[in-house]
**Q** 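Here it is, the structure in full.
Note that these values count all heavy atoms, side chains included, but never hydrogens, waters or copies made by symmetry. To find a chain, count down the sequence lines: A is the first, B the second, and so on, and within it residues start at 1.
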4 protein chains.
Amino acid sequence: MNSPPIQPRIRAVHPEDKSERRAAILAAAQSLLADDPQGSFPVESVAQAAGVAKGTVYLYFGSREEVMLAVHEKQVHELFDVIGDALAASGADAVSVVRIVLRHISRHRNFYPLAGRCRSMLDTKVSTDCALAFKTRLGERLADLGLVIERMYPGLAAGGGAALLMNSYALMIGLWQQADPPDCLREVMKRPEMKIFRIDFERQLAAALIDLWDAAGRRGAAARRSGSTKRSNA
Amino acid sequence: MNSPPIQPRIRAVHPEDKSERRAAILAAAQSLLADDPQGSFPVESVAQAAGVAKGTVYLYFGSREEVMLAVHEKQVHELFDVIGDALAASGADAVSVVRIVLRHISRHRNFYPLAGRCRSMLDTKVSTDCALAFKTRLGERLADLGLVIERMYPGLAAGGGAALLMNSYALMIGLWQQADPPDCLREVMKRPEMKIFRIDFERQLAAALIDLWDAAGRRGAAARRSGSTKRSNA
Amino acid sequence: MNSPPIQPRIRAVHPEDKSERRAAILAAAQSLLADDPQGSFPVESVAQAAGVAKGTVYLYFGSREEVMLAVHEKQVHELFDVIGDALAASGADAVSVVRIVLRHISRHRNFYPLAGRCRSMLDTKVSTDCALAFKTRLGERLADLGLVIERMYPGLAAGGGAALLMNSYALMIGLWQQADPPDCLREVMKRPEMKIFRIDFERQLAAALIDLWDAAGRRGAAARRSGSTKRSNA
Amino acid sequence: MNSPPIQPRIRAVHPEDKSERRAAILAAAQSLLADDPQGSFPVESVAQAAGVAKGTVYLYFGSREEVMLAVHEKQVHELFDVIGDALAASGADAVSVVRIVLRHISRHRNFYPLAGRCRSMLDTKVSTDCALAFKTRLGERLADLGLVIERMYPGLAAGGGAALLMNSYALMIGLWQQADPPDCLREVMKRPEMKIFRIDFERQLAAALIDLWDAAGRRGAAARRSGSTKRSNA
DNA sequence: AATGAATGAGCATTCATTCAT
DNA sequence: CATGAATGAATGCTCATTCAT
């Protein structure tokens, strides 16, 4: 009644082979996501695209949602890498960082839909362990980058850098959710009543981000002047 | 368990709201949502809570998602009402508006989960007509309130008020998505590695919103000084 | 994405129509059980055999197991009917009752496999309500028939009739489990080492049942003689 | 959670038991069964509890069901050991044997669920060889003990001892199936309509067993008197 | 012998939606 | 208008089993 494995794939015995297989599954999911941003494809499709059996997916991930979360995490860390590089560049300032980040994101627009669903993903079929690990790793990056920002804006309160990052990220995701027309509205976006939503997403986002970063810089400056260095929040 | 809180509508914004049945269904869904923010309850539950038959729900709404969207819309318009009132108050400024809005939202925290899912709802089982109507009504409010803001910050570019509102809304939703711990993490939020996410959501949001509004005000002021009045973006 | 009902069957609106439909599902399951005593067929097969859609089965039963339990219950009550008739016949005694019961069972041999699985069915996917109702109805029959038996064996302790029935039923099911060769042993049953299991099931069962009933009768007689009438157990 | 209780085997009945590994696997399964009488645990759990790899289980057993069957067999043979000892005791009679057997079983209540499923296990994923061996060994014990009983009840027909054993066993298992409330009914057993099922299982079983054994004794006596020694049946 | 990675069949169940009554 | 019976698509996941290492 239970059928045996017919053509088992080459076995991933060593840890590095396992990481490779895991990565293959992630890549497969990511590739499917490109065609279907809503991610409404069965696990079997992911498996097929990765060249493994359905069950194998569950050897590397606890659930379908955990696969998707892992794809999201990968993309977020890539974004953080970009931010880190931008901040590390000589002469980096709010404007240059924002420009570089936006350029990256504009080339990875399939980042948004998944990111927008991240919160609800955590509410569904993601084990506490998995969610915790995800958040922990995220927190580490946030802390690291936050420190870099605090060094850039001396006087910014402790934690102010991370807060600025969170706010920026929030603005980015939130604004995309407002601005990106859903498929069913693509056609009617040209109507006059939709004018208000025909915004230049990247322009508006860039402006708002710069407002946020400038305000942080100004606050840092003010703090420096008055000698204080504590109290958090951007 | 679900006592349909027949919240008297602050304003009868839409003509179709006149139907008591429709309102009852919305109220039922809203009440259910209070217990289950993820909204993973069957249409039948909504119908039961509303005291109607399952089929009746489809007499008033095109699909399950349209019901949820309507609940969301109702809540958004309530929020807009509050913003409108705050702006209309004498001596209104960024700080007072933000304070009032945050107070409202903190009393309607079940606004967030639904709002966070709004974008993906539009991608699923919402007819173009319905989505268009939703967006159109939203756009109208946005335009109206945007004008009020532009009057408050004279010199703010045309459309700058609406953009400021969108940005604010985006920040609010996006930051909530980062800050609100999912159920599976409620318990572990006290761990040290989660410290960075134990933010004071409302404080941080308020600060960031004020940064945004202040920047808009400053930009408006600058624009006024230089005589220009065009170019959009906040 | 969710497809509508294409060719809905005639609707069972009246209670009697519903009973009919329920009965049809039961009959379908029973018929499948005849071919596959282990009952390892999907719910869909039952539905098809009953001429309804899979979902309809779940309109009438809480789970697959509840369908099977209902089939079993039907068969048990049929057996109880036979026992009742046998007991009601003039000149009924242990021998005649046992003979009649065995004749019935030998004509309904697919009663055994299901009956043998009844206990484990109750452990799996049967709601408390359903199990309780099943047991309650069973208990009623047991009590009724028990009284008839007690009238037949005056002096039998209160409850002694029901106990005798339970014991008889237990012996019947238990002995079948020992005696009925599983499919995989059908062929090898003729080997000498299997001799001991090549019993004449019905003969041995009949003899043991009569022992049980005679002993009960004797005990009843003894009790009568000594005047006592209480204490239970057969 | 599952501390493999390495119960020292009372007797090394089968040669293959010499394998420590095999014994460890059986002990692990038995231990798991104590916590989950339904035996709905994966093979991997058994392997882990036994301290071996999943594949190793299949080196010693042909299938999952064969492991369970082996556990059952072990328990049955332990029961037979007890019966043998009870019969061998000086002054052994039906009452003393029944008492000793019941005491053993009451201390090993997890014997019942598995025993009750034995028949259906044989229908699923047990090789003919395995089933045959199981039955053969069972038959041997049955024959041996049957002879002892026939010696105890001289005049009992040939095979009458084994038949009496089978009947007794059947009654035991069958009555347990009726009497043991499934988990989902544990709570509601106190209700009045459940009264008829609130039987004193061991008392009722003991009484019925004694009826069976007494009847066998009496029949043996009668047979002796009339000189006959043939005809089987208890 | 032992391991454990890989396989993939297998299915109950839910529930949004329709439409006969 | 309202009802609620009927539909059936849609799929995540488990886990027994195999066999390359």
Side-chain angles (χ1 to χ4, degrees), chain A residues 1-14 17-18 21 40-48 52-65 67 125, chain B residues 19 21 40-48 52-65 67 124-125, chain C residues 1-14 17-18 21 40-48 52-65 67 125, chain D residues 19 21 40-48 52-65 67 124-125:
Chain A
M1 200 163 280
N2 283 299
S3 47
I6 298 301
Q7 302 169 322
R9 209 135 300 280
I10 290 156
R11 295 186 180 192
V13 282
H14 301 298
D17 297 331
K18 294 199 192 172
R21 187 132 308 176
S40 58
F41 40 76
V43 170
E44 173 133 52
S45 303
V46 178
Q48 277 176 347
V52 298
K54 203 186 342 179
T56 305
V57 173
Y58 289 90
L59 239 37
Y60 292 88
F61 298 92
S63 73
R64 183 187 192 285
E65 290 302 279
V67 177
K125 277 286 175 188
Chain B
S19 162
R21 277 286 209 287
S40 56
F41 41 77
V43 170
E44 170 129 55
S45 301
V46 178
Q48 275 175 350
V52 301
K54 201 168 14 161
T56 305
V57 173
Y58 288 88
L59 248 32
Y60 290 90
F61 297 91
S63 74
R64 183 188 192 283
E65 291 300 279
V67 177
T124 333
K125 279 283 173 188
Chain C
M1 199 163 277
N2 283 299
S3 46
I6 298 301
Q7 301 169 324
R9 210 133 298 281
I10 290 156
R11 296 186 179 190
V13 281
H14 301 297
D17 298 330
K18 294 199 191 174
R21 188 132 305 177
S40 57
F41 40 76
V43 170
E44 171 131 52
S45 302
V46 178
Q48 277 176 347
V52 299
K54 206 183 343 176
T56 306
V57 173
Y58 289 89
L59 240 37
Y60 291 89
F61 297 91
S63 73
R64 184 186 191 285
E65 291 301 281
V67 178
K125 278 284 175 188
Chain D
S19 161
R21 277 287 210 288
S40 56
F41 41 77
V43 170
E44 171 129 55
S45 300
V46 178
Q48 275 177 348
V52 299
K54 202 170 9 163
T56 306
V57 172
Y58 288 88
L59 289 176
Y60 291 90
F61 298 91
S63 75
R64 183 190 192 281
E65 290 302 278
V67 177
T124 332
K125 278 287 174 184

**Q** Whole Å only: how far is the CD atom of Glu44(C) from the C1' atom of dG10(E)?
**A**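 After rounding, the gap between these two atoms is 13 Å.
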
**Q** Nearest-Å distance, CD (Glu65(A)) to P (dT11(F))?
**A**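 In whole Å, dT11(F) P and Glu65(A) CD are 13 Å from each other.
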
**Q** Between Gly62(B) and Lys125(C), which is nearer to the 5' end of DNA chain E once each is assigned its nearest nucleotide?
**A**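 Between the two, 5'-proximity favours Lys125(C).
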
**Q** Does dA6(E) have its OP1 or OP2 closer than 4.0 Å to a side-chain nitrogen or oxygen of Tyr60(A)?
**A**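 Indeed, a polar side-chain atom of Tyr60(A) lies that close.
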
**Q** Would you name the heavy atoms of Lys54(D) and Val43(D) that are closest together and state the gap between them?
**A**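 Heavy-atom minimum between the residues: CG-CG1, 4.1 Å.
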
**Q** For a quick test of reading the model: is some side-chain N or O of Arg21(C) closer than 4.0 Å to OP1 or OP2 of dA6(F)?
**A**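 Answer is yes, contact under 4.0 Å.
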
**Q** Base of dT3(F), side chain of Lys54(B) - is there a donor-acceptor contact under 3.5 Å?
**A**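 No.
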
**Q** Locate the shortest heavy-atom distance separating Glu65(A) from Lys125(A); write the atom from each residue and the value.
**A**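 Heavy atoms of Glu65(A) and Lys125(A) come nearest at CB-O, 3.7 Å.
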
**Q** For DNA chain E, which ranges pair as stems of 3 or more consecutive Watson-Crick or G-U pairs, with both donor-acceptor distances under 3.5 Å?
**A**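 Counting only runs of 3 or more consecutive pairs, the stems involving DNA chain E are E:2-21 with F:2-21.
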
**Q** If you assign each of Pro42(A) and Gly55(D) to its closest nucleotide in DNA chain F, which residue comes earlier from the 5' end?
**A**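 Its nucleotide being nearer the 5' end, the pick is Pro42(A).
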
**Q** Which nucleotide, dA5(E), dA6(F), dA2(F), lies nearest any side-chain atom of Thr56(B)?
**A**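 Shortest atom-to-atom distance from the side chain points to dA2(F).
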
**Q** Specify the separation, in whole Å, of atom NE2 of His14(A) and atom C1' of dA20(F).
**A**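 After rounding, the reported distance stands at 12 Å.
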
**Q** List the atom of Asp17(C), the atom of Val13(C), and the distance in Å for their closest heavy-atom pair.
**A**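 Taking every non-hydrogen atom into account, OD2-N, 3.9 Å.
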
**Q** Tyr58(C) has an atom OH; how far is it from atom P of dG8(F), in whole Å?
**A**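 Nearest whole value for this atom pair: 16 Å.
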
**Q** Look at the side chain of Arg64(C) and decide which nucleotide, out of dA5(F), dA16(E), dA12(E), has an atom nearest to it.
**A**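 That would be dA12(E).
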
**Q** Looking at Arg21(C) and Ala12(C), what are the two nearest heavy atoms and their distance?
**A**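 Shortest heavy-atom separation between Arg21(C) and Ala12(C) comes out as NH1-N, 4.3 Å.
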
**Q** For Ile10(A) and dA6(E), what is the distance between atoms CD1 and C1' respectively, to the nearest whole Å?
**A**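 Going from Ile10(A) (CD1) to dA6(E) (C1'), I get 12 Å.
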
**Q** So, under a plain 3.5 Å distance rule, would you say the side chain of Arg11(C) forms a donor-acceptor pair with the base of dC19(E)?
**A**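 Flag set: donor-acceptor pair detected.
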
**Q** Between Leu59(D) and Val43(C), just flag the one whose closest nucleotide in DNA chain E comes earlier from the 5' side.
**A**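 Its nearest nucleotide being more 5', the pick is Leu59(D).
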
**Q** How many angstroms lie between atom CZ of Arg64(A) and atom OH of Tyr58(A), to the nearest 0.5 angstrom?
**A**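 Between atom CZ of Arg64(A) and atom OH of Tyr58(A) there are 8.0 Å.
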
**Q** From CZ of Phe41(D) over to P of dT14(F), roughly how many Å is that when rounded to an integer?
**A**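 Going from Phe41(D) (CZ) to dT14(F) (P), I get 18 Å.
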
**Q** From C-beta outward on Ala53(D), which listed nucleotide comes closest to its side chain: dT17(F), dT3(E), dT17(E)?
**A**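 Within the option list, the nearest is dT3(E).
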
**Q** NZ of Lys18(C) versus C1' of dT3(F): gap in Å, rounded?
**A**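 After rounding, the gap between these two atoms is 11 Å.
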
